[in-house]
2 protein chains.
Amino acid sequence: MTPPKTASSRTEATRARLLEAARDVIRAKGYAATTVDDICAAAGVTKGAFFHHFPSKERLGLDAIEAFNDMASRLFAAPFAALPDPRDRLLGYLDVRIALLNREIPLFTCLLGTLVQEIHATHPALRDACEAGMASHIAALTRDIAAAKALHAPDAAWSAESLGYFMQSVLQGAFIFAKAKQDAAVVAESLTHLKLYLVSLFGAPAPETKDTPRP
Amino acid sequence: MTPPKTASSRTEATRARLLEAARDVIRAKGYAATTVDDICAAAGVTKGAFFHHFPSKERLGLDAIEAFNDMASRLFAAPFAALPDPRDRLLGYLDVRIALLNREIPLFTCLLGTLVQEIHATHPALRDACEAGMASHIAALTRDIAAAKALHAPDAAWSAESLGYFMQSVLQGAFIFAKAKQDAAVVAESLTHLKLYLVSLFGAPAPETKDTPRP
DNA sequence: CCAAACATACCAACCAGTTGGTATGAACCG
DNA sequence: CGGTTCATACCAACTGGTTGGTATGTTTGG
């Protein structure tokens with residue numbers, strides 16, 4: 001599979017495996033209930049290797065947050081970003097999020113939302129990292145929202161940023177119900193309502209069939 | 001304050017103090033990070049008293065969920081329940097939730113949402129209790145939603161229950177951002193968007209001024 | 001005086017982090 | 001090229017402190 005492996009790529013691979021293990025185990029069991037040994041077992045290394053790469057469990061958390069942010073940025077710099085109308089980019093974003101739901105619950109939920117809910121009062125460093133990551137994601141959304149608002153609802157009373165937080169609140173809250181019901185369907189239904197709200201604010205997009213140009 | 005106290009009311013008071021301590025400490029620190037000693041300290045009793053009243057930490061969690069549900073039912077059997085139009089009852093419900101935000105974060109957030117997010121995969125009994133409590137609250141909302149839909153949007157494609165979950169998702173998700181930002185304002189803004197959505201579905205209510213009857 | 005309500009002292013299991021050591025591969029030197 | 005050197009990556013065993021839970025007292029109300 002990977003026969004020629006230099007020392008530095010090997011160490012990076014181990015570090016990456018620990019970060020992936022942290023991402024998945026913490027999303028499943030929460031931060032406090034996840035032990036360092038849990039993460040080591042999931043990554044297939046021992047505790048010695050863990051503390052060779054990370055000075056503490058909290059620092060692993062911080063680095064896992066950063067890695068998750070990188071993944072999210074890559075994921076949502078997606079095809080819909082090329083659509084000309086910002087409203088359609090927002091609806092495309094929600095369609096992508098709906099399409100991601102065909103997985104196990106720990107795989108489509110948000111590490112930052114899970115983490116910050118649990119540790120907001122006990123681990124300020126982790127909380128601030130989560131806040132910054134979510135704010136950055138929302139800032140990207142807010143740019144499209146502001147453009148869509150200028151185009152389709154210039155006189156609306158709400159701010160573009162507040163709608164960005166609203167959209168993410170729907171997502172984060174729906175994840176909670178998916179965990180409670182052990183079923184992702186509730187997320188898809190809530191995102192459908194969210195799309196309806198966006199349509200009520202910005203109007204409906206043109207139909208998908210490209211062969212029906214409008215005069 | 002309460003000088004004449006029978007034995008049974010005294011023991012009930014201790015039990016209630018433990019349940020309140022659990023409710024507040026768990027909302028602040030999460031379930032796993034909350035130790036039995038934490039709860040005992042917050043309630044002003046020792047571990048002996050704790051295990052006299054509860055056989056285990058998990059059982060305390062179950063009973064705290066039940067107590068929280070009772071409180072929520074009482075809180076939201078509120079004045080707005082008397083409004084004739086179910087749409088106005090829904091908007092009144094949201095106004096009450098907005099009015100509750102003038103408190104510390106651990107005091108207006110939802111114990112069940114906090115708990116289930118953290119322990120959904122590790123404590124099935126707690127998860128099921130949270131799911132049942134939230135489902136019951138949503139069922140109450142759904143009754144008003146169904147009535148409002150029959151009245152104002154009979155042909156809409158969405159189900160009343162899905163809108164109930166959507167409303168609660170907005171709340172739960174907004175709580176996450178309040179914790180991340182250490183600021184409740186984001187909850188109020190998201191609930192304002194939610195009210196806008198309901199108005200887009202059901203129409204706006206009559207203005208509050210009762211002296212302006214409409215022709 | 002008795003039983004329920006609470007306190008104190010304690011235990012076994014667990015957990016984050018440490019310690020001392022080994023394997024591996026690259027770099028340098030002859 | 002071949003052997004020594006050395007740093008990095010990793011491992012197994014251990015430690016000090018913490019945690020849920022228990023065992024055994026002591027107080028209190030009736």
message: Donor-acceptor pair, distance only, cut-off 3.5 Å: does the side chain of A/Lys47 make one with the backbone of A/Val36?
response: no
Here the pair of heavy atoms bringing B/Met134 nearest to A/Ala180 is CE-CB, 3.6 Å
Worksheet item: Is the backbone of B/Ala135 close enough, under 3.5 Å, to the side chain of A/Lys181 for a donor and an acceptor to pair up by distance?
Response: no
Atom CZ of B/Phe51 and atom C1' of D/dT24 are separated, to the nearest Å, by 16 Å
Query raised in the report: For the ring pair A/Tyr93 and A/His137, is the centre-to-centre distance below 6.0 Å?
Result: yes
Rounded to the nearest 0.5 angstrom, the CG-CZ distance for B/Leu94 and B/Arg89 is 13.5 Å
Rounded to whole Å, the NE2-P distance (A/His53 to C/dG17) equals 16 Å
Counting only side-chain N and O atoms of B/Thr11, is one of them less than 4.0 Å from OP1 or OP2 of C/dA4? no
Here the distance between atom P of C/dA4 and atom CZ of B/Phe50, to the nearest Å, is 21 Å
Has B/Glu58 got more than 12 heavy atoms of other residues, nucleotides or ligands less than 6.0 Å from its CD? yes
### Task
State whether B/Thr14 places a side-chain N or O below 4.0 Å from either non-bridging phosphate oxygen (OP1 or OP2) of C/dC6.
yes
Whole-Å distance, B/Glu12 CD to D/dG29 P, equals 17 Å
Given protein heavy atoms under 4.0 Å, the one-letter contact record of nucleotides 8-15 of chain C, with B base, S sugar-phosphate only and - none, is simply B------S
From NE2 of B/His52 across to C1' of C/dC6 the rounded distance in Å is 7 Å
